[in-house]
Structure formats: structure tokens, C-alpha cells
Amino acid sequence: MELSPFAGRIQRLSASPIRAILRHAAREEMISFAGGLPAPDSFPSFALQDLPEALWQYGPSEGEDALRHEVVALMARRGLACTPEQVLITSGSQQGIDLMAKLMIEEGTRVALETPTYLAALQVFSLFGARYQGFAPGEVPTERAQLVYAIPSFQNPTAYCYTPAQRRDLAQYCEREGAVLLEDDPYHDLVFDTVERRPICAQLSRRWAYQSSFSKSLAPGLRLGFMVVSEDLLEPLLMLKQAADLHSNRIGQHLVLQALRSPERDQRLQALALTYREKRDHFEAILQRHCAEFAQWQPPQGGLFFWLRTPGVDVEALAQSA
């Protein structure tokens with residue numbers, strides 16, 4: 001009997017549909033509405049001269065100390081109090097999902113997540129053997145789960161934003177059931193209307209991980225994000241980070257720190273939100289003109305997504321045809 005050269009979990013691994021989308025989107029004649037790609041005209045300018053010599057050397061696994069302190073200040077503005085020791089700089093928020101999956105999931109682990117949800121998270125959770133329980137965005141799981149993955153602010157892909165009561169309900173579920181919450185918040189700064197965005201993790205006493213990204217507010221090519229975690233999760237996540245990549249890109253961290261410390265930062269974020277609000281309104285007008293007869297949607301209050309429902313249309317067949 002011939003032995004497989006690969007670990008058994010590789011049988012559960014599937015290609016990322018997002019990467020397939022991006023391959024098509026790269027064609028010159030293609031205007032893609034499929035991926036949540038930031039607008040290229042939103043990318044900032046960085047000062048690349050006179051980089052500190054120390055940045056060319058290996059660095060701390062948890063991230064640059066100055067950047068972690070800036071994240072603490074950032075989180076205070078978002079309503080989640082933390083210390084620099086609770087901050088872990090990651091290679092994009094995708095790494096945060098991977099680290100939490102390695103920490104929490106083995107074959108048969110019950111994972112509750114929104115339906116629909118971020119496709120690349122499903123790819124990671126499935127690789128480690130998760131058993132899924134779905135719940136609609138804004139609701140709570142109906143059964144006990146060991147890990148809950150949620151995107152409460154401008155959810156991917158529905159753009160749904162949880163109300164204060166819905167955030168409280170999910171926090172109470174996690175506390176009651178002893179579930180670990182992985183709260184994904186990459187679109188926090190892309191807000192168009194006045195809505196609740198305070199992290200659900202701020203209401204939890206233990207076993208929580210909040211993550212966000214600099215990909216949407218700065219540039220995805222930096223591949224940098226951060227996690228803020230309860231103290232009981234910090235040490236194992238740090239060891240997993242060390243085993244994965246030693247540390248995230250130090251030059252990229254310096255550029256992010258530069259942007260966070262810029263005196264024009266708040267003005268730039270306001271302009272960024274205004275730009276995306278104008279794009280939303282323009283796209284809404286186009287949808288009303290061309291799609292109102294066969295599709296239903298709610299204008300998003302933030303983020304990068306419109307979620308269209310098309311009763312009676314086979315969307316998988318439509319996607320293949322497109």
C-alpha cells in the first residue's frame with residue numbers, strides 16, 4: 001500500500017476562490033465587482049529615505065514596540081482598552097485567522113460563523129477540520145461552539161453592521177457558553193453613516209481576540225495587520241507567530257507607524273471615507289438604473305461591499321458564465 005506523501009488534512013485544502021477572482025480582475029478589459037479591493041487612488045505616499053539601519057535586522061515577534069503603543073491608542077479611540085503587551089503585529093489579518101485556527105481548531109471542533117462569511121477564513125478553518133454552525137449576521141448561534149468567528153462592522157460580504165443590542169447578545173452568548181470570540185474588523189475606518197462600531201470584545205472578560213488590518217485604510221501590499229487578545233491567549237499565539245514567520249516585515253511596520261503618527265492622519269481618514277461614500281452613492285444609482293427589476297439590496301453603511309439578492313437566478317451559473 002502506497003503511503004500519501006502529504007498530511008491527511010491536505011485532502012481538506014481547496015484553492016482560494018478569492019485568488020481566482022483576483023486573477024480575472026487583473027485582466028485589462030475586466031471591471032470586477034467581486035473582490036473587496038481598496039481603490040488604488042486611496043493609497044498614501046510614504047517617505048522611504050533614511051530608513052533606520054536597525055530595520056534591516058531581525059526584530060521582535062510581537063512587532064515593533066512603537067507601533068504596538070500606537071495600536072493601543074488606536075484601540076482606545078475604538079472603545080477597547082488594552083496594553084501594548086496584548087498587541088501582536090501580524091502579516092495581514094489573514095495571518096490572525098491562521099494563528100487562531102492553529103490554536104483552537106482540530107478535526108471536529110465546533111466553529112460558529114456568519115452565513116455567508118469571508119471565504120478565505122473558511123479555507124483556513126476547513127483545512128484544520130472545523131465542524132460548522134452557521135448563523136445570520138446580527139444573530140447568535142443556536143448551539144454551543146468552541147470558537148465564534150464574526151465580522152460585526154460592515155460584514156464581508158453582506159456589509160451588515162451589528163446594532164448595539166446585537167453586539168451585546170453575541171458577547172453574552174460567548175460568556176455564557178465559554179466560546180472564544182475571533183472578532184474581525186478590517187473595515188472599521190471605512191464608515192459612511194453614524195453606526196455602532198465599538199468592538200464586541202470590549203464587553204468580554206476573557207478568551208477573546210480582536211483583529212484589524214492596515215490593508216483597507218493604507219495599502220494591502222503592506223500585508224500588515226494586528227491582533228489585540230485577552231491575556232490568556234497571548235502566550236500561545238505569540239509562540240505560533242514565532243513558528244510561522246519569526247516576525248512581520250519591519251520596514252512595513254515603520255511605514256505604518258509613519259502613517260499613524262502623521263498630523264494629517266485624521267484628515268486623510270475623513271477624506272477616505274468621503275471618497276468611498278461617493279463611490280457607494282454612484283454605484284447605488286447605477287444599480288437602481290440597471291438592476292432594480294431583478295435584484296434586491298440595502299445600501300451599505302460602510303466597508304467595501306454591496307450584497308445583492310437575486311430571487312429566481314442561479315448565481316453560480318451566472319458567475320461561471322461571466
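None of the values given here were measured: they were computed from a predicted structure.
- Around atom CD of Glu231, no more than 12 heavy atoms belonging to other residues, nucleotides or ligands sit under 6.0 Å away.
- Transitive grouping of hydrophobic side chains (ILVMFWY, heavy atoms separated by less than 4.5 Å) brings Met75 and Leu224 into a common cluster.
- The aromatic rings of Phe226 and Tyr210 sit tilted relative to each other, their planes meeting at an angle between 30° and 60°.
- Checked against a 6.0 Å centroid threshold, the rings of Phe305 and Tyr187 count as neighbours.
- Residues His247 and Pro60 share a closest heavy-atom pair of CB-O, 3.3 Å.
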- Please step through side-chain hydrogen bond (donor to acceptor under 3.5 Å, both in side chains) for the pair Gln298 and Trp307, ending with a clear verdict. CA-CA 7 Å; Gln298 289 291 330; Trp307 179 249; over 6 Å; no

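- Remark: Glu29 CD is packed, more than 12 non-hydrogen atoms of other residues, nucleotides or ligands lying under 6.0 Å away.
- Inter-residue side-chain proximity for Phe154 and Asn156 is flagged as unmet; no heavy-atom pair is nearer than 4.5 Å.
- For the atom pair Arg168 CZ and Tyr162 OH, the distance stands at 14.5 Å (nearest 0.5 Å).
- A heavy-atom distance below 4.5 Å is found between the side chains of Phe128 and Lys102.
- The two residues Thr117 and Gln155 come nearest to each other via the heavy atoms CA-NE2, 3.8 Å.
- Rounding to the nearest 0.5 angstrom, the gap separating the CZ atom in Phe46 from the CG atom in Leu222 is 5.0 Å.
- With hydrogens and angles ignored, the 3.5 Å screen pairs no side-chain donor or acceptor of Arg207 with any backbone N or O of Val180.
- The structure places OG1 of Thr90 at 6.5 Å from CG of Leu88, a figure rounded to the nearest 0.5 Å.
- Atoms CZ and CD1, on Arg68 and Ile89 in that order, are 7.5 Å from each other to the nearest 0.5 Å.
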- Message: Is there a side-chain hydrogen bond (donor to acceptor under 3.5 Å, both in side chains) between Asp184 and Tyr149? Walk through the geometry before answering.
- Response: CA-CA 7 Å; Asp184 204 356; Tyr149 173 69; 2.6 Å; yes

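- No side-chain heavy atom of Tyr160 sits under 4.5 Å from any side-chain heavy atom of Pro152.
- Within the 4.5 Å cutoff, the side chain of Pro141 has heavy atoms near those of the Leu170 side chain.
- Side chain of Gln258 to main chain of Ala47: a donor-acceptor pair is present (N/O by atom type, distance under 3.5 Å, no hydrogens or angles).
- For CD of Glu196, the number of neighbouring non-hydrogen atoms (other residues, nucleotides, ligands) closer than 6.0 Å is greater than 12.
- Remark: His290 NE2 is packed, more than 12 non-hydrogen atoms of other residues, nucleotides or ligands lying under 6.0 Å away.
- Counting non-hydrogen atoms of neighbouring residues, nucleotides and ligands closer than 6.0 angstrom, the CD atom of Glu106 reaches no more than 12 such neighbours.
- Interatomic distance, Phe135 CZ to Glu143 CD, rounded to the nearest 0.5 Å: 13.0 Å.
- Formation of a donor-acceptor pair under 3.5 Å by the Thr275 side chain with backbone atoms of Ala271 is found in this model.
- In this structure a side-chain-to-backbone donor-acceptor pair under 3.5 Å is missing from Arg309 to Ala295.
- Put simply, Leu234 and Val71 are part of two different groups of oily side chains (I, L, V, M, F, W, Y) that touch within less than 4.5 Å, one to the next.
- A 4.5 Å side-chain heavy-atom check between Glu139 and Gln166 finds every atom pair outside the cut-off.
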- Item | Test log, rule side-chain hydrogen bond (donor to acceptor under 3.5 Å, both in side chains), inputs Ser42 and Lys216 | CA-CA 9 Å; Ser42 72; Lys216 308 303 186 292; over 6 Å; no

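- Checking Tyr132 against Ser126 by side-chain atom types alone, a donor-acceptor pair falls below 3.5 Å.
- The nearest pair of heavy atoms linking Gly79 to Ala202 is O-CB, 3.4 Å.
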- Check the pair Val256, Glu70 against side-chain contact (heavy atoms from CB on, under 4.5 Å), reporting the backbone distance first and the verdict last. CA-CA 10 Å; Val256 169; Glu70 285 294 329; over 6 Å; no

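- A donor-acceptor contact shorter than 3.5 Å links the side chain of Gln253 to the backbone of Glu64.
- The side-chain heavy atoms of Asp185 and Gln211, taken from C-beta on, include no pair separated by under 4.5 Å.
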- Message: Please determine whether side-chain contact (heavy atoms from CB on, under 4.5 Å) holds for the pair Tyr276 and Leu304, giving the CA-CA distance in whole Å, both sets of side-chain angles, and the decisive distance to 0.1 Å.
- Response: CA-CA 8 Å; Tyr276 280 120; Leu304 294 175; 3.6 Å; yes

- Query: Going through the checks in order, is the side-chain contact (heavy atoms from CB on, under 4.5 Å) test met by Leu181 and Cys201?
  - Reply: CA-CA 7 Å; Leu181 175 63; Cys201 289; 4.0 Å; yes

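- In this structure, Leu147 and Met100 have side chains that are in contact, with non-hydrogen atoms separated by less than 4.5 Å.
- Between the side chain of Arg223 and the backbone N or O of Gly92, no donor-acceptor pair lies under 3.5 Å.
- Between the side chain of Arg250 and the main chain of Tyr58, a donor-acceptor pair closer than 3.5 Å is present.
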- With side-chain hydrogen bond (donor to acceptor under 3.5 Å, both in side chains) as the test, would you mind laying out the steps for Ser153 and Arg167 before giving the verdict? CA-CA 10 Å; Ser153 297; Arg167 291 169 190 265; 2.9 Å; yes

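- Cluster annotation: Leu99 is connected to Ile97 through the hydrophobic network of ILVMFWY side chains, with a link wherever side-chain heavy atoms come within less than 4.5 Å.
- Heavy atoms of other residues, nucleotides or ligands lying less than 6.0 angstrom from CD of Gln288 number more than 12.
- Listed for the Gln242 side chain is no donor-acceptor partner under 3.5 Å among the backbone atoms of Ser61.
- Checking each of Val72, Leu67, Asp65 against His69 for a side chain to side chain contact (heavy atoms under 4.5 Å, CB included) leaves exactly one that passes, namely Asp65.
- Closest non-hydrogen pair, Glu175 versus Gln203, comes out as OE2-O, 4.0 Å.
- Judged purely by atom type and a 3.5 angstrom limit, Ser248 uses its side chain to pair as donor or acceptor with the backbone of Ser91.
- A continuous path of Ile, Leu, Val, Met, Phe, Trp and Tyr side chains, each step under 4.5 Å between heavy atoms, connects Phe125 with Leu233, placing both in one hydrophobic cluster.
- Looking only at distances, no side-chain donor or acceptor of Glu114 sits under 3.5 Å from a matching main-chain atom of Pro137.
- Leu48 and Leu255 make their closest contact through CD2-CD2, 3.7 Å (heavy atoms, listed as atom of the first residue, atom of the second, distance).
- For the pair Pro300 and Asp193, the tightest heavy-atom approach, listed with the atom from each and the gap, is O-OD2, 4.3 Å.
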- Message: side-chain contact (heavy atoms from CB on, under 4.5 Å), that's the test. Do Val148 and Val111 meet it? Break it down for me.
- Response: CA-CA 6 Å; Val148 177; Val111 177; over 6 Å; no

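- With hydrophobic clusters built from ILVMFWY side chains whose heavy atoms lie under 4.5 angstrom apart, Ile200 does not share a cluster with Val191.
- Looking at Arg78 and Asp189, a side-chain N of the basic residue comes within less than 4.0 Å of a carboxylate O on the acidic one, giving a salt bridge.
- By the 6.0 Å contact criterion, CD on Glu107 is open, its count of non-hydrogen atoms from other residues, nucleotides or ligands being 12 or less.
- In this structure the side chain of Asp245 reaches within 4.5 angstrom of the side chain of Gln95, judged on heavy atoms.
- The CG atom of Leu103 lies 9.0 Å from the CE atom of Met239; values are rounded to the nearest 0.5 Å.
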